[in-house]
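Worksheet: one structure, shown below.
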Amino acid sequence: MSMQTRMWKPAEPDNPNDPHVREAANLLNHQEVVAFPTETVYGLGADATDEVAVQRIFEAKGRPADNPLIVHVATKEQVDRLVSHIPDVAHLLMDTFWPGPLTLILESNGEAAKNVTAGLTTIGIRMPDHPLALSLLKATEKPLAAPSANRSGRPSPTQALHVKQDLDGRVAGILDGGTTGVGLESTVLDCTSNVPVILRPGGITKEQLETVLPHVAVDPALADENNKPKSPGMKYTHYAPEAPLYLIEGTDEFFLEQVERLKEEGHRIGVIASRELAEQLSHERIITCGSRLNMAEVAGQLYHALREFKKSEVDIIVTEVFDESGVGAAVMNRLQKAAVNVIQPS
Ligand code: TXA
Ligand code: MG
């Protein structure tokens, strides 16, 4: 698989008639795959009603076929055409949080290509809050299946350059909309049971959902690694940087001791740290990812930080444990998935 990957930076991101947007839409209408920015991460889009087009997403990413894709829409009418029924709770959530980083799992009516849902009877749908994504959806007039636009297993892309690093020559084009805002993926919420269940924590926090819902459950698989996850994607290695990632729990003092110990053992260490922790380190290879008191900032910078360290430069990447309230739940979910080792004070 090698093709010329076009790069476009539309002058008018909110105009569906922008020539670059139209060119991208035209390729999508001819079964090609195109990457585009959303408010969370870049997505790799294809016509969600076309099995051949959707198959190209799996091929370009190297994604396992049993991991279903999220479908992106520009209107609620497009949701009607994909599902058998919209429960009241889903209407309420759409009205409150769309466009935005919330994916709703609903009963599929079978209109989407069958590889989108990977054989499930349910379908994940969201309306992205990004002018370029919405322009593209309007220009194609089609729902677009779009997983994150990274090679399978890698950190999700928050810049067009990250997409190019992973998928150059493997996709028809990349729409460049600059750095994405939220920085990690949407919350996946199963609305097919009486009490909605968070299958993947993300940009819309549990606390936000609780402002409109009396009860919100969390998939037990999120806490228990041995439990079979209900969101099929959660069982694979994810978000992996080039070098093994270690999570260090405990105090800042313990963190500094562990960095020294690993260095003494002869490892070249890369540190991903909050500004507060970084200030205490005299280490030469540090990437800061914002303030630990502002988890939205950490979320926005995390994937870029995970991509920054190259295996030619470091043997081990270490990072701290962040507060799990708000979007911190999503940050820690991704770090736990990415990490191969957790170091705890004895
Ligand atoms: O923010 C996002 O959600 C980004 C942007 C591009 O929109 N997309 C994204 O897609 O993260 P992806 O494919 O990397 O992750 C989709 C997640 C996976 O964990 C998948 O298993 C789950 O959603 N999912 C999709 N359809 C599902 C379904 N019917 N039931 C349960 N989980 C589902
Ligand atoms: Mg992904």
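Just so it is clear, the structure is predicted and the values come from calculations on it, not from any experiment. For the single chain, residues carry numbers from 1 onward in sequence order. In each ligand, atom 1 is the first atom listed, and ligand 1 is the first ligand listed.
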Asp95 atom CG, over 12 foreign heavy atoms within 6.0 Å | yes
Using a 4.5 Å cut-off on heavy atoms from C-beta on, say whether the side chain of Met7 contacts that of His20.
-> no
Is the closest side-chain heavy-atom distance between Phe309 and Pro241 below 4.5 Å?
-> no
Set of salt bridge (charged side-chain N to carboxylate O under 4.0 Å, His left out) partners for Glu265, sequence neighbours left out = Arg261
Identify, by atom number and element, the atoms of ligand 1 in contact range of Gly43, meaning under 4.0 Å from any of its heavy atoms.
-> 6 (C)
Heavy atoms only: which of Glu185, Glu39, Arg200 is nearest to atom 15 (O) of ligand 1?
-> Arg200
Taking only heavy atoms of Thr122 into account, list the atoms of ligand 1 that are under 4.0 Å away from them.
-> 28 (C), 29 (N), 30 (N)
What lies under 2.8 Å from the Mg ion (ligand 2), restricted to protein N/O/S atoms, is Ser148 OG
With distance as the sole test, does Glu297 use its side chain to make a donor-acceptor pair with the main-chain N or O of Ser291 at under 3.5 Å?
-> yes
Is it true that Val52 and Leu69 fall in one hydrophobic cluster, defined by side-chain heavy atoms closer than 4.5 Å?
-> no
Is Pro128 in contact with ligand 1, taking contact as a heavy-atom separation below 4.0 Å?
-> no
Check whether any N or O atom of Asn67, backbone or side chain, sits under 3.5 Å from an N or O atom of ligand 1, and answer yes or no.
-> yes
Carboxylate-amine/guanidinium contact Asp166 Arg151, below 4.0 Å | no
What do you reckon, does Ile123 put a non-hydrogen atom under 4.0 Å from ligand 1?
-> yes
Look at Arg6 together with Glu23 and state whether they make a salt bridge at an N to O cut-off of under 4.0 Å.
-> yes
Find all atoms of ligand 1 within a distance of less than 4.0 Å from any non-hydrogen atom belonging to Thr40, and give their numbers and elements.
-> 1 (O), 2 (C), 4 (C), 5 (C)
Closest to atom 33 (C) of ligand 1 among Pro68, Gly202, Gly124, Pro64 (heavy-atom distance) | Pro68
Identify, by atom number and element, the atoms of ligand 1 in contact range of Ser148, meaning under 4.0 Å from any of its heavy atoms.
-> 8 (N), 9 (C), 10 (O), 12 (P), 14 (O)
